[in-house]
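Keep in mind it's a predicted model, so treat the numbers as computed, not measured.
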Amino acid sequence: MTVRIERVVDVPAPPEAVWNFIADPASRAGAISVVEDFTVGADGAATWHLSLPIPLIDRTVAVETEETVREAPERVEFVGRSRVMRVVGEHLLEATDGGTRLTNRFVVDGRIPGVERYFRKHMDEELQNLENALARDLGVTL
């Protein structure tokens with residue numbers, strides 16, 4: 001089973017400012033609670049080390065991520081692959097009168113039992129973490 005989630009938030013900041021945060025692999029990784037550590041290569045590819053509270057996983061899981069679409073300052077999409085899951089993330093930015101409408105979409109395909117259940121239960125919280133980190137970075141209230 002696949003987990004899909006989408007959240008839309010209006011950000012009182014221009015698209016370029018939102019882009020600077022959301023298009024940065026380190027900013028995205030640092031906002032997710034289950035990311036224990038991460039490295040970002042010169043090409044923007046990143047490795048996220050996840051600590052998932054799932055019985056079949058007794059150590060961190062390395063998720064190799066790479067951007068598949070980068071259209072500044074409107075859209076960035078990435079795919080992450082590991083032995084336990086595949087994740088696709090997409091961030092769409094649209095200019096509004098008051099700033100930027102940010103649409104976040106994620107699709108998680110688990111490869112072992114418990115992964116999809118975990119993300120179905122916690123993905124909304126993780127997107128809230130991302131929005132909170134964005135707000136802190138921009139010095140705004142969402």
Is there a side chain to side chain contact (heavy atoms under 4.5 Å, CB included) between R28 and V76 once you walk through the steps? CA-CA 11 Å; R28 291 192 308 258; V76 63; 4.0 Å; yes

Test E125 against N129 for side-chain hydrogen bond (donor to acceptor under 3.5 Å, both in side chains), laying out the working first. CA-CA 6 Å; E125 295 168 33; N129 291 341; over 6 Å; no

Show, in sequence, the C-alpha distance, side-chain angles and deciding distance for V11 and L138, and conclude whether the side chain to side chain contact (heavy atoms under 4.5 Å, CB included) test is met. CA-CA 9 Å; V11 183; L138 296 174; 3.7 Å; yes

Check the pair T100 / E94 against side chain to side chain contact (heavy atoms under 4.5 Å, CB included), numbers first and verdict last. CA-CA 5 Å; T100 305; E94 176 186 352; 5.9 Å; no

Could you go through the side chain to side chain contact (heavy atoms under 4.5 Å, CB included) check for Y118 and V115 one step at a time? CA-CA 5 Å; Y118 173 82; V115 170; 5.9 Å; no

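Under a 4.0 Å N-O distance rule, the pair R75/E77 qualifies as a salt bridge.
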Under 3.5 Å, sequence neighbours excluded: what are the donor-acceptor pairs made by side chains of residues 47-60?
from: T47; atom 1: OG1; to: E64; atom 2: OE1; distance (Å): 2.8
from: T47; atom 1: OG1; to: E64; atom 2: OE2; distance (Å): 3.3
from: S51; atom 1: OG; to: E36; atom 2: OE2; distance (Å): 3.1

Without placing hydrogens or testing angles, list every side-chain donor-acceptor pair under 3.5 Å for residues 13-22, not counting sequence neighbours.
from: N20; atom 1: ND2; to: E16; atom 2: O; distance (Å): 3.3

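Counting heavy atoms from C-beta on, the side chains of L130 and H91 come closer than 4.5 Å. Using a 4.5 Å heavy-atom threshold, the side chains of R86 and V79 count as touching.
The distance from the OG1 atom of T2 to the CZ atom of R120 is 9.5 Å, given to the nearest 0.5 Å. Atom CG of N104 and atom CD of Q128 lie 10.5 Å apart (nearest 0.5 Å). Atoms OG1 and CZ, on T141 and R136 in that order, are 12.0 Å from each other to the nearest 0.5 Å.
No more than 12 heavy atoms of other residues, nucleotides or ligands lie within 6.0 Å of CZ in R117, so this atom counts as exposed by the packing criterion.
Cluster membership for F78 and V69, using ILVMFWY side-chain heavy atoms within less than 4.5 angstrom, is not shared. Residues V88 and L127 are members of separate hydrophobic clusters, defined by side-chain heavy-atom contacts under 4.5 angstrom among Ile, Leu, Val, Met, Phe, Trp and Tyr. L92 is not connected to F106 by any chain of hydrophobic side-chain contacts under 4.5 Å among Ile, Leu, Val, Met, Phe, Trp and Tyr, and they are in different clusters. A single hydrophobic cluster is not seen to contain both V107 and M123; linkage of ILVMFWY side chains at heavy-atom distances under 4.5 Å, directly or through other members, places them apart.
Of the candidates V9, D10, N132, V9 is the only one forming a side-chain contact (heavy atoms from CB on, under 4.5 Å) with L142. Evaluated for a side-chain contact (heavy atoms from CB on, under 4.5 Å) with R7, the options L102, D124, T103 yield exactly one hit, D124.
Closest heavy-atom contact between V108 and F119: CG1-CD1, 3.9 Å.
The backbone N or O of S82 lies less than 3.5 Å from a partner atom in the side chain of R111, making a donor-acceptor pair.
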